[in-house]
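Read the structure below first, then the notes.
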Amino acid sequence: MCLFLGLFHIIFVAKTRSALVIVILSILVMMMYKWRKDILKFVVGIASLSIIIILFSLTPTAKAYIESFGVYDASVSARERAIDLYMSQFYENPLLGMGFIRGVEGTDLYYLLRGTSGNLTRTDVGFIGYLNTFGIIGAVLFILLFFKVFRVMLFLISKKIMVHYLEVLGLFVFFTLSSINLIAFDPQRIFYFVLYLSFVSYVYYISKYHNESKVKFQYEKL
């Protein structure tokens, strides 16, 4: 139910095409890992997901939504100009970046942030926008946080318990792929990334230290 509510929000509320594609890819990765040793279940799962997508694609709303994927519209052009602007600013301030800029429309700060046209935004260009804001120091922090999550995933795989925590895998795929154009560190989404890190830390703790404490307790009883 939560999955369908999330998809409904992405399609009809947020209307973010790339996020929908990334969510579907994340689901496929989780399905592939869960049923990697059971081909029949994997095929049935993929078939079921495909049927749902096909049935949905037959609706008028979905057809219009799908056709919009092939349109080279103003948003694509704006992203290209945003990449050029924010990368040039990053080259001028590589270490610390441009920082948080807030300017009232019509001021120099406003156009410094949003370009001469006033319609560019750093949150539309993912990691490049993040790099523009925080510079190389922020990029190092970004990489370290993702590396920490990746280490937890390797730990879960080594203990053969990743199948019980597929959310960690699915969300890792989502946050990684969405960094292309939907950075998780902007003010609107940072809260969700913090929740994800908290969940990953909790999973790591109960998977490692809780089991060790149980073994130690049983040993002391002997």
Side-chain angles (χ1 to χ4, degrees), residues 6 9-10 14-23 25-26 29 74-157 165 167-205:
H9 178 270
I10 291 175
K15 297 181 180 180
T16 307
R17 294 169 294 184
S18 57
L20 177 61
V21 173
I22 294 171
V23 167
L25 288 176
S26 301
V29 170
S75 64
V76 177
S77 176
R79 280 193 171 91
E80 291 177 346
R81 288 186 285 112
I83 290 173
D84 292 338
L85 172 65
Y86 298 136
M87 285 305 297
S88 64
Q89 291 178 347
F90 165 72
Y91 293 142
E92 295 176 1
N93 304 276
L95 188 60
L96 298 175
M98 298 293 291
F100 289 100
I101 302 174
R102 294 184 180 275
V104 180
E105 186 173 357
T107 63
D108 291 340
L109 281 178
Y110 180 84
Y111 293 110
L112 177 66
L113 173 64
R114 301 179 65 87
T116 55
S117 60
N119 65 344
L120 306 182
T121 173
R122 291 188 287 199
T123 57
D124 280 347
V125 288
F127 183 74
I128 291 177
Y130 173 84
L131 194 63
N132 176 274
T133 306
F134 298 103
I136 294 175
I137 293 179
V140 171
L141 174 62
F142 181 90
I143 293 171
L144 288 176
L145 289 175
F146 271 78
F147 181 70
K148 177 182 179 180
V149 176
F150 186 71
R151 286 185 60 190
V152 173
M153 289 173 54
L154 292 179
F155 170 78
L156 296 176
I157 293 173
Y165 302 105
E167 299 90 344
V168 174
L169 174 61
L171 288 172
F172 179 79
V173 173
F174 176 82
F175 280 121
T176 302
L177 295 180
S178 64
S179 295
I180 298 173
N181 66 334
L182 297 170
I183 194 67
F185 282 68
D186 72 283
Q188 294 178 339
R189 302 180 182 91
I190 185 65
F191 177 71
Y192 301 110
F193 191 76
V194 171
L195 284 180
Y196 174 61
L197 290 178
S198 300
F199 175 67
V200 170
S201 299
Y202 170 75
V203 168
Y204 178 75
Y205 175 81

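Since we're looking at a predicted model, the values are computed, not measured.
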Within a radius of less than 6.0 Å around CZ of F199, do more than 12 heavy atoms belonging to other residues, nucleotides or ligands occur? yes
Please name all residues satisfying side chain to side chain donor-acceptor pair (under 3.5 Å) with Y110, sequence neighbours left out, ordered by chain then number. R114
Check: V152 and L156 side chains under 4.5 Å, non-hydrogen atoms: yes
Are Y130 and V125 side-chain neighbours, meaning at least one heavy-atom pair lies under 4.5 Å? no
Are side-chain heavy atoms of M98 and T133 found at a separation under 4.5 Å? no
Heavy-atom side-chain contact between Y111 and T116 under 4.5 Å: no
Assess the pair F100 and F134: is the distance between their ring centroids shorter than 6.0 Å? yes
Side chains of F172 and V200 in contact at under 4.5 Å (non-hydrogen atoms): no
Just jot down the side-chain contact (heavy atoms from CB on, under 4.5 Å) partners of L195, sequence neighbours excluded, or say none. F191
Min side-chain heavy-atom separation L120-Y86 under 4.5 Å: yes
Is Y204 reaching over with its side chain to a backbone N or O of M153, donor-acceptor style, under 3.5 angstrom? no
Quick check on the 6.0 Å ring-centre criterion: do F146 and F193 meet it? yes
Counting distance only, does the side-chain N/O of S88 pair as donor-acceptor with the main-chain N or O of L85 below 3.5 Å? yes
Check: E92 side chain, M87 main-chain N or O, donor-acceptor pair, under 3.5 Å: no
Could you tell me whether the side chain of D108 reaches within less than 4.5 Å of the side chain of L112, counting heavy atoms only? no
